[in-house]
S.K.: 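Please read through the structure below; I'll follow up with questions.
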Amino acid sequence: MTNIAARPLRHSEIIGLGVHRASRIVLNDEIVGPIDSSDQWIQERTGIKQRTWAPADISIIDMAVDAGNKALVHAGISAERLGTIIVSTISHPYQTPSAAVLVQDRLGARHAGAFDISAACAGFPYAVGLANGLISSGESDYVLVIGVEKLSDWTDMSDRGTAFIFADGAGAFLLGPSAVPGLGATIWGADGSEFEAIVMQPSLIELREHFKQTGELQFPKLRMQGQKVFKWAVGGMVEVCHRALEAAGLTPDDIQAFVPHQANNRITDALVRGLKFPESVVIARDIILTGNTSAASIPLALDTLLREGQVKSGDLALTVGFGAGLAYAAQVIRVP
Ligand code: UT7
């Protein structure tokens, strides 16, 4: 038997961060009318004071390219050196081709393979875990991971359960090879039996049938059983976070920042209580001014902490994403 050449296993690290913040600031007062809500209720239940939406002429590709370019510039790596581009999104309006190939073209990443993943609010740590595997195995030297959403396009502004929560934006990490580990193992999982807890409905096939029968054109929108998702996240993610810390050989005392998916400030509060962090650990609260940007929320929240000087390059942060699927993923990262 002839052997296939072995490639040495190696480590990976995050070497660049870039974000795109959607330009339109939407205050609670602007959206409460159709859902009979109030600024006070939204702030008390979620922490959200405002959310950022992209204008009509800005696509998820525009946002992803901007964030991706900034991550490349931050790392000082040209797009031509990218081996892979992974885009995590649930708001790309085409079934095919992927958002990632459009990003690949716009960035001029001539040598990169490109694909999307669909893991909703868990998508960013899912993609970071994949990037780590590609680099560790020697498949790619540099992997660009982008979380991007334009959820304002997919939200029913008359739905009391979702209209106030979702938002738009993009965030990117550039990962490359490293002599020492720059990431802990990714702890991930899913429970597809609960797929109806957050779902984009109706399906395109159902919409086509509805149109044939009624002549009425509808659009799929996000639906969420908020309380169910809330209880699942609060009940399960503390253990997932503990496992991610343990897999990295760390305890809550060893990290400098906690950057959970920005789903709801009350979920973050519950996780912080459960994880018993020391006072010194900085907690990301980007949801207050940005809203819930699903796959983009973790890099956007980390960017805010860096800009504010609350974390610095080299710090250790615990990240966790959770949402539709129901899917989750957590890992410890070294801040670029
Ligand atoms: O990012 C993906 C993952 N997503 C999440 O993690 C989201 C998880 N879920 C949540 O964040 C929360 O469930 C929501 C913020 C979506 C909702 O908050 P809640 O505390 O679970 O609200 P609820 O559905 O239990 O409703 C509580 C009360 C009800 O009134 P009563 O029965 O107590 O009198 C609702 O009728 O609030 C009322 N209510 C509202 N009031 C004003 C429900 N929606 C609204 C609203 N405005 N939009």
Side-chain angles (χ1 to χ4, degrees), residues 26-52 88-91 118-126 147-152 154-169 171 188-192 194-201 221-238 240-241 259-272 274 284-288 290-301 319-330:
V26 179
L27 300 175
N28 290 337
D29 282 340
E30 193 179 323
I31 57 161
V32 292
I35 54 171
D36 185 23
S37 189
S38 65
D39 176 44
Q40 188 188 349
W41 188 93
I42 295 170
Q43 287 204 43
E44 279 175 10
R45 294 286 169 151
T46 68
I48 297 172
K49 290 186 173 163
Q50 62 175 50
R51 75 276 302 124
T52 52
S88 174
T89 186
I90 56 165
S91 41
S118 174
C121 306
F124 201 80
Y126 258 73
V148 60
E149 304 291 0
K150 193 176 182 186
L151 296 173
S152 59
W154 306 84
T155 302
D156 175 356
M157 295 315 296
S158 65
D159 176 13
R160 272 192 125 199
T162 56
F164 54 89
I165 207 158
F166 293 118
D168 306 339
W188 67 13
D191 179 4
E194 297 286 5
F195 79 98
E196 282 177 322
I198 310 182
V199 60
M200 216 179 259
Q201 279 178 329
K221 299 285 181 187
L222 280 161
R223 304 290 169 199
M224 177 167 72
Q225 297 168 23
Q227 274 200 17
K228 178 180 254 187
V229 181
F230 192 102
K231 284 181 187 155
W232 166 76
V234 167
M237 291 309 114
V238 170
V240 170
C241 287
V259 189
H261 164 49
Q262 302 291 292
N264 181 325
N265 237 350
R266 288 192 299 135
I267 295 179
T268 300
D269 290 338
L271 299 183
V272 168
R285 305 259 183 208
D286 199 39
I287 192 170
I288 297 171
T290 306
N292 176 340
T293 56
S294 190
S297 84
I298 290 174
L300 281 165
T319 67
V320 59
F322 48 86
L326 293 169
Y328 61 84

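In listed order, ligands and their atoms are each counted from 1.
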S.K.: From atom 17 (C) of ligand 1, work out which of W41, F230, F322 has a heavy atom at the shortest distance.
M.R.: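 Residue with the shortest heavy-atom distance to the ligand atom: W41.
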S.K.: Among all the protein's heavy atoms, is there at least one whose distance to atom 31 (P) of ligand 1 comes out below 4.0 Å?
M.R.: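 So far as the 4.0 Å threshold goes, atom 31 (P) of ligand 1 is out of reach of every protein heavy atom.
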S.K.: For the pair T319 (side chain) and V259 (backbone), establish whether a donor and an acceptor sit closer than 3.5 Å, ignoring hydrogens and angles.
M.R.: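 No; zero donor-acceptor contacts below 3.5 Å.
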S.K.: For R45 and N264, does a side-chain donor sit closer than 3.5 Å to a side-chain acceptor?
M.R.: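 R45 vs N264: no donor-acceptor pair found between side chains.
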S.K.: If we ignore hydrogens and angles and just use 3.5 Å, is the side chain of Q262 paired with the main-chain N or O of P260 as donor and acceptor?
M.R.: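 Side chain of Q262 to backbone of P260: a pair is present.
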S.K.: Quick check on atom 13 (O) of ligand 1 - does any protein heavy atom sit closer than 4.0 Å to it?
M.R.: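 Flag for atom 13 (O) of ligand 1 set to true, protein heavy atom closer than 4.0 Å.
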S.K.: What's the shortest distance from atom 27 (C) of ligand 1 to any protein heavy atom, and which residue and atom give it?
M.R.: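 The answer is R45 NH1, 3.5 Å.
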S.K.: Report the member of A324, G226, G325 with the shortest heavy-atom distance to atom 9 (N) of ligand 1.
M.R.: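 Checking each option, the heavy atom nearest atom 9 (N) of ligand 1 is found in G226.
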S.K.: Closer than 4.0 Å to some heavy atom of C121 - which atoms of ligand 1 meet that?
M.R.: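 Checking each atom against C121, I get 1 (O), 2 (C).
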S.K.: Between N28 (side chain) and I48 (backbone), is there a donor-acceptor pair under 3.5 Å?
M.R.: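 Present.
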S.K.: By the definition side chain to side chain donor-acceptor pair (under 3.5 Å), identify the one residue from D286, N292, T293 that meets it with T290.
M.R.: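 Exactly one candidate clears the test, D286.
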S.K.: Looking at F164, which atoms of ligand 1 are within less than 4.0 Å of one of its heavy atoms?
M.R.: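 The list of qualifying atoms is 15 (C), 16 (C), 48 (N).
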S.K.: Counting both backbone and side chain atoms, is some N or O of D36 under 3.5 Å from an N or O of ligand 1?
M.R.: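 D36 vs ligand 1: no N/O contact under 3.5 Å.
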S.K.: Tell me whether T46 has any N or O atom under 3.5 angstrom from an N or O of ligand 1.
M.R.: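 T46 vs ligand 1: no N/O contact under 3.5 Å.
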S.K.: Is it the case that the side chain of E149 and the backbone of I90 share a donor-acceptor pair, with hydrogens and angles ignored and the cut-off at 3.5 Å?
M.R.: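 Indeed, once roles are kept as given, a pair shorter than 3.5 Å links the two residues.
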S.K.: Please confirm whether Q227 comes within less than 3.5 Å of ligand 1 when only nitrogen or oxygen atoms on both sides are compared.
M.R.: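 So ligand 1 has an N or O lying under 3.5 Å from an N or O of Q227.
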S.K.: Is atom 34 (O) of ligand 1 touching the protein, meaning some protein heavy atom lies under 4.0 Å away?
M.R.: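 Given the 4.0 Å limit, the answer for atom 34 (O) of ligand 1 is no, no protein heavy atom qualifies.
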S.K.: Does S152 offer a backbone N or O that forms a donor-acceptor pair with the side chain of D168 under 3.5 Å?
M.R.: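 Side chain of D168 to backbone of S152: a pair is present.
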